[in-house]
Amino acid sequence: MSQITIKSPKHCATKQVLRIERNYKKIFFAFSTFFTTILLLILLIYFILKPTKPQFSLQELDIYQLNLSGPILNSSIQLTLLSKNPNQKVSIYYDEFQLYATYKNQQITSDSFVPPFYQGQQESNLLSALLIGNGLPVAPSIGYELSHDQLSGRLSLNLKANGKLRWKIGTWVSGRYRFNVNCVSILAFGIGNSMNAPPLASKQGALCSTTI
């Protein structure tokens, strides 16, 4: 005698739900495996061709105006900066790039913006900018510092840049990375030099530090 088992509609519905859940899990696992593989491949390519940070050097600097009247400073500085991509297989997109000057850790010009540009493998670019500061308030100690620099015979300025860049490896383009550049320029600034009788000029190249 055979045994006949009658399945209730509820039992059949439960089996159907379990089957659907298994299918969803398989699809989710397949997509997860695919995206994980792609991500690992990108990371592998990145670490094999790990980009070297760009190199910057200050080529020329001219100070046309650096006038202090009480706590107010007016400045006009022309600079030429050399930007070099040392990578053989990696290109760079500069999406944001701005320059400014500081003296004794105080910003003495407004930001000057460089238009976005693309830098190919082992390519170099000369970037020129005019940095202007009109009526910028500064600390009272700046007057003392300028007088001290005149007595010492030299004036030290920091030319700084910051912005955002992207790496390009083959057809793959990375996300944006923030970069910061700091260049130090030393100019002859003796008793005979007057802040109201510029320009002060320096054509001695200076290497800059870069962080990403």
* Is there a side-chain contact between L66 and L155, using heavy atoms and a 4.5 Å cut-off? -> yes
* To do: Name all residues meeting the side-chain contact (heavy atoms from CB on, under 4.5 Å) criterion together with P71; count only those two or more places apart in sequence or in a different chain, and write none if there are none.
  => none
Side chains of residues 127-143: which donor-acceptor partners sit under 3.5 Å, not counting sequence neighbours?
none

* **Which residues share a salt bridge (charged side-chain N to carboxylate O under 4.0 Å, His left out) with E96, sequence neighbours left out** => R176
* To do: Output all residues satisfying side chain to side chain donor-acceptor pair (under 3.5 Å) with N85, sequence neighbours left out; order by chain, then residue number.
  => N87
* Asked: Given the rule that I, L, V, M, F, W and Y join up when any side-chain heavy atoms are under 4.5 Å apart, are F117 and L99 in one cluster?
  -> yes
* Structure fact -> Y100 and S110 have their tightest heavy-atom pair at CB-O, 4.0 Å
* Structure fact -> Applying side-chain contact (heavy atoms from CB on, under 4.5 Å) to Y118 and not counting sequence neighbours gives S91, Y93, K168
* Test L61 against L187 for side chain to side chain contact (heavy atoms under 4.5 Å, CB included), laying out the working first. => CA-CA 9 Å; L61 178 71; L187 301 95; 3.8 Å; yes
* Asked: Can you name the residues that form a side chain to side chain donor-acceptor pair (under 3.5 Å) with Y103, not counting sequence neighbours?
  -> D149
* Taking the inter-plane angle between the rings of F56 and F179 on a 0 to 90° scale, is it parallel (under 30°), tilted (30 to 60°) or perpendicular (over 60°)? -> parallel
* Do I186 and V184 touch side chain to side chain, with heavy atoms closer than 4.5 Å? -> yes
* **Exercise: do Q150 and S152 side chains pair donor with acceptor under 3.5 Å** => no
* Asked: Out of curiosity, K53 NZ to T210 OG1, how far, rounded to the nearest 0.5 Å?
  -> 6.0 Å
* Euclidean distance, N158 CG relative to K104 NZ, rounded to 0.5 Å -> 9.5 Å
* **Any residue meeting side chain to side chain donor-acceptor pair (under 3.5 Å) with Q98, in chain and number order, not counting sequence neighbours** => N162
* How about R166 and D95: do any of their side-chain heavy atoms sit closer than 4.5 Å? -> yes
* **Any I63 side-chain heavy atom under 4.5 Å of L157 side chain** => yes
* **Minimum-distance pair of heavy atoms, taken over all atoms of Y177 and G175** => CD1-O, 3.3 Å
* What pairs with T109 under side chain to side chain donor-acceptor pair (under 3.5 Å), at least two apart in sequence or on another chain? -> none
* To do: Could you check if a side-chain atom of L81 sits within less than 4.5 angstrom of a side-chain atom of L159, using non-hydrogen atoms only?
  => no
* Atom of Q55, atom of P86 and distance for their closest heavy-atom approach -> NE2-CB, 3.9 Å
* Asked: Would F97 and I212 show up in the same hydrophobic cluster when neighbours are defined by side-chain heavy atoms closer than 4.5 Å?
  -> yes
* Structure fact -> CD of Q119 to NZ of K84, rounded to nearest 0.5 Å, is 10.5 Å
* Partners of Y144 by ring pair (Phe, Tyr, Trp, His ring centres under 6.0 Å), sequence neighbours excluded? -> none
* To do: Working to the nearest 0.5 Å, report the span between CG of L165 and CD1 of I92.
  => 6.0 Å
* Can you tell me if S174 uses its side chain to pair, donor with acceptor, with the backbone of W167 under 3.5 Å? -> yes
* Could you state the interatomic distance from OG (S185) to CZ (R154), rounded to the nearest 0.5 Å? -> 11.0 Å
* Pair Y94-S83, side chain to side chain contact (heavy atoms under 4.5 Å, CB included): steps then yes or no -> CA-CA 11 Å; Y94 287 98; S83 170; 3.7 Å; yes
* Structure fact -> In short, disulfide (SG to SG under 2.5 Å) pairs touching residues 111-183 with sequence neighbours left out are C183-C208
* Of all residues at least two apart in sequence or in a different chain, which pass the salt bridge (charged side-chain N to carboxylate O under 4.0 Å, His left out) check with D111? -> none
* Asked: Which other residues belong to the hydrophobic cluster containing L82, where Ile, Leu, Val, Met, Phe, Trp and Tyr are joined when side-chain heavy atoms lie under 4.5 Å apart, directly or via other members?
  -> L126
* Can you find a pair of side-chain heavy atoms, one from V181 and one from K160, that are under 4.5 Å apart? -> no
* I108 side, atom CD1; L68 side, atom CG - distance, nearest 0.5 Å -> 10.5 Å
